[in-house]
Participant: 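The structure follows.
Here is the naming used below: chain letters follow the sequence lines, and residue numbers restart at 1 for every chain. On a predicted model such as this, the values are computed, not experimentally measured, just so you know.
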Amino acid sequence: MATERYNPRAAEPKWQKAWDARKLFETKNDDPRPKYYVLEMFPYPSGRIHIGHVRNYTMGDVVARFRRARGFNVLHPMGWDAFGMPAENAAMQNNVHPKDWTYQNIATMRGQLKTMGLSLDWSREFATCDVDYYHRQQMLFLDFVDKGLVTRKSSKVNWDPVDMTVLANEQVIDGRGWRSGALVEQRELTQWFFKITDYAEDLLVSLDELNEWPEKVRIMQRNWIGRSEGLLIRWELAQGTAPEGESELEVYTTRPDTIFGASFMAVAADHPLAKKAAQNNPALAAFIDDVHHMGTSVATLEAAEKKGMDTGIRVVHPFDPNWTLPVYVANFVLMDYGTGAIFGCPSGDQRDLDFANKYGLPVVPVVMPEGGDAATFQITDEAYVDDGVMINSRFLDGMKPQAAFDEVAKLLADRTVGNRPMAERKVNFRLRDWGISRQRYWGCPIPMIHCEDCGVVPVPRADLPVKLPDDIEFDRPGNPLDRHPTWLNVNCPKCGKAARRETDTMDTFVDSSWYFARFTAPWESEPTDRKAVNEWLPVDQYIGGVEHAILHLLYSRFFTRAMRETGHLDLAEPFKGLFTQGMVVHETYKGPDGWVLPADVKVEEIDGKRQARLIATGEKVEIGSIEKMSKSKKNVVDPDDIIASYGADTARWFMLSDSPPDRDVIWTEAGVEGAHRFVQRVWRLISEAAPALAAIKPQAQGAGDAGAVSRSAHKILKAVGDDIGKLAFNRAVARIYELVNLLQAPVAEITAGKASAEMQGAVREAVDILVAMIAPMTPHLAEECWEALKGSGLVAERAWPDFDPALIVDDQIVYPVQVNGKKRGDLTIARDADQSAVEKAALDLDFVQKALEGKTPRKVIVVPQRIVNVVA
RNA sequence: GCGGACGUGGCGGAACUGGUAGACGCAAGGGACUUAAAAUCCCUCGACCUCCGGUCGUACGGGUUCGAUUCCCGUCGUCCGCACCA
């Protein structure tokens, strides 16, 4: 019987309504079943959903639906990371209010997400720009202030002198402002910080327990926190070279053992010593000014050519009063790390070596590989950074570097400069405090007031929220809050005198550092409902892009600790399981007038060569490299178009097929069509046989052809369950294909009325298993199939089937048989055959006999249930 | 610059803890059905050779092992992050 093709346009909205009507995905906090919290990183409402979102939310939805079927009470919420710069850019460019722009985008994107058929609890939705949300964030901020977790200090920003505004790193292009083109300056501003460094040690050691996180993310965080054990060494400034009032230079080093290899000192451009030296040295002042025009990002600074300038100041070597070294200002020394000053040992550090070679400074090797010859060992272009033995280091010669480290630490601790010890041991972290001040409008206001008499005063809790004013102008650059008189001017809560509000708003990373906690009770008037948050957290499975591997995740870990300290919850680690998914990439197409959208291009294969043409004109288009989808290269695909023409299930299936979820996936038209063919094929397979299948009782079989069907179905069922549990969706997809392929012939037999009763029962059971397995991935199709099979209720409410352990072990096992490590054939033998029986049977095989040519094998290796290797 | 990853057929990938390399899908080629097309179904599909068999083959060069895509050392290439993008 010919059946209708599956029509997702009709079926998908129908089932979405059916799920909604029964409120299947609205989660109750008092549900007694075991909990499971699955969360995808919430989106920034940029305007439209992009295909990366489709991938991210599909994965989360598969996990949510799978866990629900496994009997968990699943929390799967969605919200919006809604503050941030693009809203202000839109305001400036198109004269729309950031608030209107943001909420319109949210409305559009919510509608798009709903067409995907995601099993989300929309009743818990919120946006971080909702007053209700940032009100609670301000409460948290004040609690953090009370606990001493907040501080103010000076920090650098990128300053655009023409637009008179602070620039984000991404707004600085080749050292110039993106709009004005003016050379960017570094400016010092007093800003708000969260004292994340108080938790540096804890954030580091706790990584060890996050064993459901990718190892690479833990390594990245470890390196980011950057714990090192070293020495603070105070070098005395040489008489006559020191600027007035200065007598020493304090450096931090992890390699005090190389102190006899030192040939120069280098300080950051912002180091006090550099500033003093520049006062009567115009060339040095110009150099420092030059460094200040490079922007503030570490990447820019470190990728730049290494440059320095001698200050004329010299320091005295701690172990030789007659040895003095020059002090340079260098552009690669960062004021934020250590003391902003280093001693350079060219032979033991590549950067120092490059610097020394450039400025003609001495290079003395002080560590050489064990067994080397000290008389001839030299360093020219490549520093020696490994372990070894000390040379050219007087009393340290012959020691291992570690012993030399200890020796130097001990000796210098007993000497003094000024009246402090010359050296002390110090654990240092690369991690800096988290600067949360942003000189922007569209963010959570920092609830503080500046009073001339009382200083910085918190906004009283009763006066919260500090709401963003709606009547603002973006006709001028800079922060509109700075020029909003009625908002800006308030009375000091302490003394009542006229005072000013803080006009900085919070980094949007603050918003995303606790949203996962808010989802557990978004209606609560306090930031959290302690019972709910403690029950739901940690998030069992968090899914998002690897680009958040460091900052967002580290900030969230800190925030959770800070919330514990302030009594809002009782745990330290917010995310138990973490999965970082790859990007969606696409070919680029370049026509005569620039980049072209994939939707406007037709790709054909002619004589084995792929060619692209514009659909409209037939003009030839160049096929470019495969790249991350971006608006500038136009290699974007609109999920709306895909869902409109193929349906959500096809898009979902494609996102899960082929590519491992943590790797990039290449979006191709052919791949989407393949996914769509699968959807149609499953529908055809089931719908054609449905009239016959509907009346059959599912019954697994153990023997004969029917037994083979049941065995395969149960093996695949087990594998797919395991794979989804591990988020190995591409493997689960492959297994499901296998089951569909395998069911093709037996289902046809049933349709033709030629199948035995056993076969009918086995196939019906296998079909039920198939429907259950596709349900998390293509939920609408599963419902449609289930309805055709006259199944009761909704698939979305059904339990995941249990496999029968008896059906997944075979009594016969096929051993590959190798001779000298090369496979020569197979051996089929009873599963319970012991090692010697397997060995004997293998040696009796004719291809083994032939390969041995009558000789006795030297060794026979039998790996039970795996392989036989005969070593001749 | 620093840090992290990745590299397997024409393509995406699979291969458990060191145990049959290429599952599954895409593309391609051939055939069936059709007046024709689409859809569907069947077959072939890493390279090479003396082709019912065999040799080589997982970026490249070494090493460990009975056995290496997997472990170790080195080289090359590609991608990502770097604190005010989210």
Participant: Considering only the C1' atoms, how many Å lie between A68(B) and U20(B), rounded to the nearest integer?
Facilitator: 14 Å

Participant: Side chain of F509(A): nearest nucleotide among U20(B), A86(B), C80(B)?
Facilitator: A86(B)

Participant: When we call it a touch if two heavy atoms are under 4.0 Å apart, what does W434(A) touch: a base, just sugar-phosphate, or nothing?
Facilitator: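 It contacts nothing in the nucleic acid.
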
Participant: Is any N or O donor-acceptor pair between the side chain of E673(A) and the base of C26(B) shorter than 3.5 Å?
Facilitator: no

Participant: Using the P atom in both, what is the distance from A37(B) to G31(B), to the nearest Å?
Facilitator: 12 Å

Participant: Hey, is the side chain of R677(A) poking within less than 4.0 Å of OP1 or OP2 on A27(B), counting only N and O atoms?
Facilitator: yes

Participant: Determine the interatomic distance between P on G81(B) and the same-named atom on G30(B); round to the nearest Å.
Facilitator: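 45 Å, rounded to whole Å.
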
Participant: With a 4.0 Å cut-off on heavy atoms, is V157(A) in touch with a base, just the backbone sugar-phosphate, or nothing at all?
Facilitator: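 Since a base atom lies under 4.0 Å of V157(A), the category is base.
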
Participant: Can you tell me how far C1' in U69(B) sits from the matching atom in U17(B), rounded to whole Å?
Facilitator: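 About 15 Å, rounded to a whole number of Å.
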
Participant: Considering just the side-chain nitrogens and oxygens of T508(A), establish if one lies under 4.0 Å of OP1 or OP2 belonging to A86(B).
Facilitator: yes

Participant: Once side chain to side chain donor-acceptor pair (under 3.5 Å) is applied, do any residues pair with R681(A), and if so which ones, sequence neighbours excluded?
Facilitator: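 By the side chain to side chain donor-acceptor pair (under 3.5 Å) rule, R681(A) matches N741(A), Q744(A).
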
Participant: Using the P atom as the reference point in each nucleotide, state the distance between A38(B) and C82(B) in Å, no decimals.
Facilitator: 49 Å

Participant: Counting heavy atoms from C-beta on, name the nucleotide in G19(B), A86(B), A83(B) closest to the side chain of P86(A).
Facilitator: A86(B)

Participant: Report yes if at least one side-chain N or O of R218(A) is closer than 4.0 Å to OP1 or OP2 of G4(B); otherwise report no.
Facilitator: no

Participant: So if I take every side-chain heavy atom of A670(A) and compare against A5(B), C26(B), C84(B), which nucleotide ends up nearest?
Facilitator: C26(B)

Participant: Is any N or O donor-acceptor pair between the side chain of Q744(A) and the base of C42(B) shorter than 3.5 Å?
Facilitator: no

Participant: Are OP1 or OP2 of C56(B) and a side-chain N or O of K822(A) less than 4.0 angstrom apart?
Facilitator: yes

Participant: Which one, A83(B), G25(B), G19(B), comes nearest to the side chain of N741(A)?
Facilitator: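 Between A83(B), G25(B), G19(B), the one nearest the side chain of N741(A) would be G25(B).
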
Participant: Is there a donor-acceptor pair under 3.5 Å between the side chain of T668(A) and the backbone N or O of G671(A)?
Facilitator: yes

Participant: Heavy atoms under 4.0 Å, any strand shown: does S437(A) hit a base, just sugar-phosphate, or nothing?
Facilitator: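 Touches a base.
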
Participant: Could you run through nucleotides 48-54 of chain B and give me one letter per nucleotide, 5' to 3': B if any protein heavy atom sits under 4.0 Å from the base, S if only the sugar-phosphate is that close, - if neither?
Facilitator: -------

Participant: State whether R432(A) and D336(A) are salt-bridged, where the test is any N-O pair (Lys NZ or Arg NE/NH1/NH2 against Asp/Glu carboxylate O) under 4.0 Å.
Facilitator: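 Here R432(A) pairs with D336(A) in a salt bridge, since their nearest N and O are under 4.0 Å apart.
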
Participant: What integer number of Å spans the C1' atoms of C72(B) and U65(B)?
Facilitator: 12 Å

Participant: Listing time: all N or O pairs from protein to nucleotides 10-13 of chain B that are below 3.5 Å?
Facilitator:
| from | atom 1 | to | atom 2 | distance (Å) |
| --- | --- | --- | --- | --- |
| G12(B) | O2' | S659(A) | OG | 2.9 |
| G12(B) | N2 | D658(A) | OD1 | 2.8 |

Participant: Students often get this wrong, so: under 4.0 angstrom with heavy atoms, is V870(A) touching a base, only sugar-phosphate, or nothing?
Facilitator: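 Nothing, no nucleic acid heavy atom in range.
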
Participant: Measuring from the side chain of L551(A) (C-beta onward, heavy atoms only), which nucleotide among A83(B), G81(B), A39(B) has the closest atom?
Facilitator: A83(B)

Participant: For RNA chain B, please output the secondary structure as dot-bracket, reading 5' to 3'. Pairs are Watson-Crick or G-U wobble, both atom distances under 3.5 Å; mark crossing pairs with [ ], other-strand partners with |, unpaired with a dot.
Facilitator: (((((((..(((......[....))).(((((.......))))).((((...))))..(((((..]....))))))))))))....

Participant: Could you list the protein-to-nucleotides 1-3 of chain B atom pairs, N/O on both sides, closer than 3.5 Å?
Facilitator:
| from | atom 1 | to | atom 2 | distance (Å) |
| --- | --- | --- | --- | --- |
| G1(B) | O4' | E302(A) | O | 3.3 |
| G3(B) | O3' | N223(A) | ND2 | 3.0 |
| G3(B) | O2' | N223(A) | ND2 | 3.0 |

Participant: Could you work out which one of U40(B), A86(B), A83(B) sits closest to the side chain of M85(A)?
Facilitator: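 Comparing U40(B), A86(B), A83(B) against the side chain of M85(A), the answer is A86(B).
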
Participant: Which residue, R735(A) or G674(A), contacts RNA chain B at a nucleotide closer to its 5' end, judged by nearest heavy atom?
Facilitator: R735(A)

Participant: Could you work out the separation of U8(B) and A59(B) based on their C1' atoms and round it to a whole Å?
Facilitator: 10 Å

Participant: From the list C85(B), C80(B), C41(B), which nucleotide is the closest neighbour of the side chain of V546(A)?
Facilitator: C80(B)

Participant: Please give the distance between the C1' atoms of A28(B) and C45(B) as a whole number of Å.
Facilitator: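 To the nearest whole Å, 8 Å.
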
Participant: Atom pairs, N/O to N/O, protein against nucleotides 61-71 of chain B, distance under 3.5 Å?
Facilitator:
| from | atom 1 | to | atom 2 | distance (Å) |
| --- | --- | --- | --- | --- |
| C66(B) | O2' | N869(A) | ND2 | 3.4 |
| C66(B) | O2 | N869(A) | ND2 | 2.5 |

Participant: Where the side chain of D826(A) is concerned, which of C26(B), C82(B), U20(B) is the nearest nucleotide?
Facilitator: U20(B)

Participant: Which residue in the set Y555(A), F193(A), F509(A), W192(A) passes ring pair (Phe, Tyr, Trp, His ring centres under 6.0 Å) when paired with W434(A)?
Facilitator: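 Among the candidates, only Y555(A) passes.
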
